[in-house]
Novice: 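I'd like to ask you about the structure that follows.
When a residue number appears, it is its place in the shown sequence, counting from 1.
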Amino acid sequence: MKLVLVVFCPFAAGYFLSFFYRNVNAVISRDLAAEFGLGPADLGFLTSTYLLAFAAIQLPLGVLLDRYGPRRVVSVLLCVAASGALVFALARDFTMLAVGRALIGLGVSAGLMGAIKAFTLWFPLSRLATLNGLYLAIGGLGGLAATAPAEAFLEASGWRALFMVLVFLSLTAALLVFLVVPEKTLPGHGDSLRKQIAGFGHIFSSLPFWRIAAPLVVCHACYQALQGLWLAPWLYDIAGLDRAGVARYLLVTALAYTAGSVFFGVAGDRLARRGTSRLTLFKIGLGISLGMFVLLGLGVHLGLGGILAVYGFTAISAALAYPLFTALFGPEMTGRVNTASNVLMFGCSFAFQWGIGAVLRLYPVVDGRYAQQGYAAALLALAALQVAALLWVLPMREKPAGRAL
């Protein structure tokens, strides 16, 4: 229990904020568009600068985590997130908004990877999926807070005040990580910097890495592009909801994502002990999430609450890739292998989030609403990428010891 308090909880505070930052633009998108005169491509680019900065730092971050440990790296980066929130809150033009958003993405870039590195240092492999699942649920709560609760705060105080509060919370989380989390000798700590960097060559030349990473990257990047921005406009334009209704449905997806985080984490470890591999659960969950994504691409909004609940619940099954990576490469490389997958995922998230806006711009806008044909073209193209990634991993099997083939 003490390890949970001093290792799990401080990192979880920062990860909660990471998800809040990631998804809050979906709620404030119309405020930003009105105040700064932003079009759909502008909104897509602005929101995805978080993802671009997040992706750009991932490979150096992997080396930093393996070399210096998660405590020091995460606490410093959370201070960068606080500076980004301050720039965003004080923004007077699009450039300041984009710089602030990018600094936020840079600052929370170690939120998940730092914690996974810490968990591999302090806990056995048999508990990693459960810990990761519970940790992701905390992130889900952050995403949840960025829906209806954020909307209520916005109605009372506005988006600038919200970001000033986030400055204070980010600095508080940085202090928690730095002052509470203990240090521990790092596996491979004697390796030279050159050898650690060369480890990426081993990762990127591994076929099992790519087969597991492809569905993680593509499927979860699609979820991030939707929940982080484009699901809200889809709910306005296709489902015909008002602002309060949009916030409620975003809340449904976030709640389901949180519940799915716990379920897939706990179920992954328990089923593994009974002989069913985590890889099997990984495939099943992402297959179901793909089906729900296709329904959204087709514009189906009958039973929308159920579609979004199932989608949010199963999309997080992608995170089962992280314990699979640890089993493949060992704890001494967890920082590098997880950030290697993350640079791909957040690069795709940036491209997908911006790309959806670019596709929507090709179709006429009527009464401030984007065209259903535009949503269909963008989302069904992304669905095709998910199908390809899942077909590649489908024949893959996992040995009882955890090493995938």
Side-chain angles (χ1 to χ4, degrees), residues 2-22 50-51 53-86 101-123 128 131-143 166-189 193 196 261 319 322 325-326 331-343 345-346:
K2 182 181 177 181
L3 279 181
V4 172
L5 291 175
V6 300
V7 176
F8 184 96
C9 292
F11 286 110
Y15 194 54
F16 178 95
L17 291 174
S18 173
F19 256 69
F20 188 95
Y21 279 128
R22 189 179 305 175
Y50 168 108
L51 302 171
F54 201 113
I57 194 62
Q58 288 302 299
L59 295 185
L61 176 62
V63 175
L64 292 171
L65 288 171
D66 286 339
R67 190 168 185 82
Y68 298 108
R71 171 180 163 268
R72 285 176 282 181
V73 173
V74 172
S75 57
V76 169
L77 286 175
L78 283 171
C79 293
V80 176
S83 70
L86 182 61
R101 182 77 177 161
L103 285 172
I104 290 169
L106 178 65
V108 298
S109 60
L112 177 59
M113 299 298 102
I116 291 177
K117 179 65 180 181
F119 296 162
T120 62
L121 294 175
W122 291 99
F123 299 96
L128 284 189
L131 286 167
N132 291 349
L134 293 172
Y135 190 78
L136 287 164
I138 301 297
L141 291 175
L166 289 169
V167 173
F168 170 77
L169 294 177
S170 298
L171 292 173
T172 301
L175 284 173
L176 278 175
V177 172
F178 188 76
L179 297 176
V180 176
V181 177
E183 287 284 2
K184 189 171 185 178
T185 302
L186 299 169
H189 71 282
L193 178 61
Q196 288 186 319
S261 301
Y322 297 124
F325 288 147
T326 300
E332 69 279 5
M333 292 188 67
T334 50
R336 281 164 289 173
V337 68
N338 289 326
T339 54
S341 66
N342 247 24
V343 71
M345 182 172 68
F346 281 89

Novice: Check side-chain contact (heavy atoms from CB on, under 4.5 Å) between Ala13 and all other residues, then give those that pass, not counting sequence neighbours.
Specialist: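 Applying side-chain contact (heavy atoms from CB on, under 4.5 Å) to Ala13 gives Ala173, Leu176.
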
Novice: Which heavy atom of Pro182 sits nearest a heavy atom of Val6, and at what distance?
Specialist: CD-O, 3.7 Å

Novice: Taking only distance into account, with no hydrogens and no angle test, what donor-acceptor pairs under 3.5 Å do side-chain atoms of residues 74-81 form with protein atoms, sequence neighbours excluded?
Specialist:
{"residue": "Ser75", "atom": "OG", "partner": "Arg71", "partner atom": "O", "Å": "2.9"}
{"residue": "Ser75", "atom": "OG", "partner": "Arg72", "partner atom": "O", "Å": "3.1"}

Novice: Can you give me the closest heavy-atom contact between Asn338 and Phe325, atom names plus distance?
Specialist: OD1-CD1, 3.6 Å

Novice: Compare every heavy atom of Ser109 with every heavy atom of Leu61, then report the nearest pair and how far apart it is.
Specialist: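 Closest approach of Leu61 to Ser109, heavy atoms only: CD2-O, 3.3 Å.
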
Novice: Applying side-chain contact (heavy atoms from CB on, under 4.5 Å), name anything that partners Pro60, two or more places apart in sequence or on another chain.
Specialist: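 Testing Pro60 for side-chain contact (heavy atoms from CB on, under 4.5 Å), a comparison that skips the adjacent residues, returns Ile57.
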
Novice: How long is the gap from OH on Tyr15 to CG on Leu17, to the nearest 0.5 Å?
Specialist: 12.5 Å

Novice: Indicate the atoms forming the closest heavy-atom contact of Ala340 with Leu59, along with that distance.
Specialist: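 What the structure gives for the nearest pair is CA-CD2, 3.9 Å.
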
Novice: Between CD of Gln58 and CE of Met113, what distance do you get to the nearest 0.5 Å?
Specialist: 6.5 Å

Novice: Which atom pair, heavy atoms only, marks the closest approach of Leu65 to Pro70?
Specialist: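 Heavy atoms of Leu65 and Pro70 come nearest at CD2-CA, 3.7 Å.
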
Novice: Can you sort out the partners of Ser170 under side chain to side chain donor-acceptor pair (under 3.5 Å), two or more places apart, ordered by chain and number?
Specialist: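 Checked Ser170 against side chain to side chain donor-acceptor pair (under 3.5 Å); matches are Tyr21.
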
Novice: Between Asp66 (side chain) and Arg336 (backbone), is there a donor-acceptor pair under 3.5 Å?
Specialist: yes

Novice: Quick one: side chains of residues 134-141, donor-acceptor pairs under 3.5 Å with protein atoms, not counting sequence neighbours, listed by atom name and distance.
Specialist:
{"residue": "Tyr135", "atom": "OH", "partner": "Phe11", "partner atom": "O", "Å": "3.0"}
{"residue": "Tyr135", "atom": "OH", "partner": "Gly111", "partner atom": "O", "Å": "2.6"}

Novice: According to ring-ring contact (aromatic ring centres under 6.0 Å, His included), who are the partners of Tyr50, at least two apart in sequence or on a separate chain?
Specialist: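 For Tyr50 the ring-ring contact (aromatic ring centres under 6.0 Å, His included) partners, ignoring immediate neighbours, are Phe54.
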
Novice: Among residues at least two apart in sequence or on other chains, which ones pass side chain to side chain donor-acceptor pair (under 3.5 Å) with Tyr322?
Specialist: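 If we apply the side chain to side chain donor-acceptor pair (under 3.5 Å) test to Tyr322, skipping adjacent residues, the hits are Asn342.
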
Novice: Gly84 and Ile104: which non-hydrogen atoms are nearest, and at how many Å?
Specialist: C-CG1, 3.6 Å

Novice: Could you tell me the separation between the CG atom of Leu175 and the CG atom of Leu171, rounded to the nearest 0.5 Å?
Specialist: 7.0 Å

Novice: Could you work out, with ring-ring contact (aromatic ring centres under 6.0 Å, His included) as the rule, every residue matching Phe16, not counting sequence neighbours?
Specialist: none

